[in-house]
Amino acid sequence: MPELPEVETIARGLARRVTGDVIESVWLGEKTDLLKSPAALIATTLESRRIASVRRMGKHIVFDLESESQGRRAKKTKAADPSKAQWIVHLGMTGRLQVCEPQEEVARHTHAILKLASGKDLRFVDPRRFGRLSVATAADFDAGGVEPLEVELDPFVSLFRGRKTPIKSALLNQKLLRGVGNIYADESLFRSGLRPRRRANSITREQLGKLFVAIKEVLREAIALGGSSISDYVDDDGKEGFFQLQHRVYGREGERCLVCKTPIKRIVIGGRSSHFCPKCQK
DNA sequence: ACTATTTCCTGGATGC
DNA sequence: TGCATCCAGGAAATAG
């Protein structure tokens with residue numbers, strides 16, 4: 001369940017391992033439902049490109065690519081540069097990006113293998129196929145929404161103006177805020193004392209201010225934990241690498257609230273299970 | 001323009 | 001033990 005902090009951790013680890021490497025060839029598997037761009041376009045866009053950087057946008061991992069010959073030229077103009085492109089990976093639920101030796105056995109549910117000039121493989125493995133692969137060429141990839149760690153208070157508050165949807169659903173809406181998933185939504189709502197079913201437009205500016213702080217806190221703490229456990233997660237099975245943030249409500253249905261000892265409740269909102277303390281959250 | 005619901009997919013957990 | 005069923009999750013598609 002990679003959300004913003006996990007994706008950030010993974011992107012940083014990948015950046016360490018593959019920045020500067022060149023993609024020599026691309027193999028894509030039979031299952032094309034996880035390709036958001038045509039397979040042939042993905043392959044031709046990636047091949048012979050140098051990985052200039054790897055970064056996170058929302059829950060997406062963006063590989064910035066440049067043509068090999070353009071490698072380390074002096075400044076270029078800002079206009080759309082055909083030598084540039086991006087490979088965009090969404091891990092979905094169970095997606096993993098694995099950097100390994102080519103002789104390593106190809107795991108079940110491997111959908112893409114990139115052969116790198118360094119001799120390593122970069123593989124995309126995803127049993128459940130909720131992940132998505134695409135490329136952007138003409139323009140920069142637009143992930144929609146604002147980055148929760150970058151947005152300022154005023155634009156954050158205005159995201160919810162006039163929205164009758166439950167605050168929980170609004171937090172999960174990637175077109176508003178990108179990167180927050182089910183776990184960190186529940187944790188942020190607990191920390192700010194808001195019930196997940198509260199209508200977004202019924203929340204005062206002051207309360208939204210608390211939520212604003214809580215989201216940033218929770219994400220930063222989780223990234224800090226991920227960053228300290230980053231070692232070799234890419235080679236492992238993805239879940240092992242993360243120190244779990246101590247969840248205060250998520251997955252704790254029936255257990256006692258850490259603040260007031262009231263049993264944590266679980267309800268379903270928009271098909272997502274939502275955990276909260278009925279006493280601490282209003 | 002917005003909101004709610006359904007769909008996709010597999011493996012692990014649970015129930016009988 | 002075996003088999004069926006349910007559930008997890010993000011986002012796109014569908015329906016209202």
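Each chain gets a letter, A, B and so on, in the order its sequence line appears, and its residues count up from 1. All heavy atoms count here, side chains included; hydrogens, waters and symmetry mates do not.
Legend: residues meeting salt bridge (charged side-chain N to carboxylate O under 4.0 Å, His left out) with A/E147, ordered by chain and number and at least two apart, are A/R56, A/R178. Looking at residues two or more places apart in sequence or on another chain, you find no salt bridge (charged side-chain N to carboxylate O under 4.0 Å, His left out) involving A/R49. With sequence neighbours excluded, the residues forming a salt bridge (charged side-chain N to carboxylate O under 4.0 Å, His left out) with A/R55 are A/D64, listed by chain and number. With sequence neighbours left out, A/S158 forms a side chain to side chain donor-acceptor pair (under 3.5 Å) with no residue at all.
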Contacts table for residues 275-282 of chain A: side-chain donor-acceptor under 3.5 angstrom, sequence neighbours left out:
unit_1	atom_1	unit_2	atom_2	d
A/H275	ND1	A/D186	OD2	2.8
A/H275	NE2	A/G251	N	3.4
A/Q281	OE1	A/C277	N	2.8
A/Q281	NE2	A/L189	O	3.3
A/Q281	NE2	A/L194	O	2.7
A/K282	NZ	A/K279	O	3.2

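The pair A/D126-A/R108 does not count as a salt bridge, with every side-chain nitrogen at least 4.0 angstrom from each carboxylate oxygen.
Nearest to the side chain of A/R272, among C/dG10, C/dA8, C/dA12, sits C/dG10.
One interatomic measurement links the two molecules: CG of A/D33 to P of C/dA13, which rounds to 13 Å at whole-angstrom precision. For the pair A/L34 CG and B/dC9 P, the computed distance is 10 Å after rounding to whole Å. Distance A/L35 CG to B/dC8 P: 18 Å, rounded to the nearest Å. One atom, CD of A/Q174, and another, P of B/dC2, lie 17 Å apart when rounded to the nearest Å. Regarding A/H109, its NE2 atom lies at a distance of 10 Å from the C1' atom of B/dC9, rounded to whole Å. Between A/R96 atom CZ and B/dT10 atom C1' there is a gap of 14 Å when expressed in whole angstrom units. Between A/D126 atom CG and C/dA11 atom P there is a gap of 13 Å when expressed in whole angstrom units. One can place CZ of A/R129 at 16 Å from C1' of C/dA12, the figure rounded to the nearest angstrom.
As judged by a 4.0 angstrom heavy-atom cut-off over every strand, A/G181 is placed among residues touching the sugar-phosphate backbone only. Across all strands shown, A/R266 has heavy atoms under 4.0 Å from sugar-phosphate atoms exclusively, and none from any base.
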Produce the list of close N/O pairs, under 3.5 Å, pairing protein atoms with atoms of nucleotides 3-5 of chain B; give distances to one decimal.
unit_1	atom_1	unit_2	atom_2	d
B/dT3	OP1	A/K164	N	2.7
B/dT3	OP2	A/R163	NH1	2.9
B/dA4	OP1	A/R199	NH1	3.3
B/dA4	OP2	A/T165	OG1	2.8

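By the criterion of a centre-to-centre distance under 5.5 Å and near-parallel planes under 30°, the ring of A/F130 forms no stack with the base of C/dA11.
In this structure, A/R132 and A/R108 both approach DNA chain B, and ranking their closest nucleotides by distance from the 5' end singles out A/R132.
Between A/R128 and the phosphate of C/dA8, there is no side-chain N or O to OP1/OP2 separation shorter than 4.0 Å. The side chain of A/H60 places no N or O atom within less than 4.0 Å of a non-bridging phosphate oxygen (OP1 or OP2) of C/dG10. Contact check, A/K59 against C/dA11: a side-chain N or O comes under 4.0 Å of OP1 or OP2. For the pair A/H90 and C/dG10, the criterion of a side-chain N or O lying under 4.0 Å from OP1 or OP2 is not met.
A donor-acceptor contact shorter than 3.5 Å is absent between the side chain of A/H247 and the backbone of A/V249.
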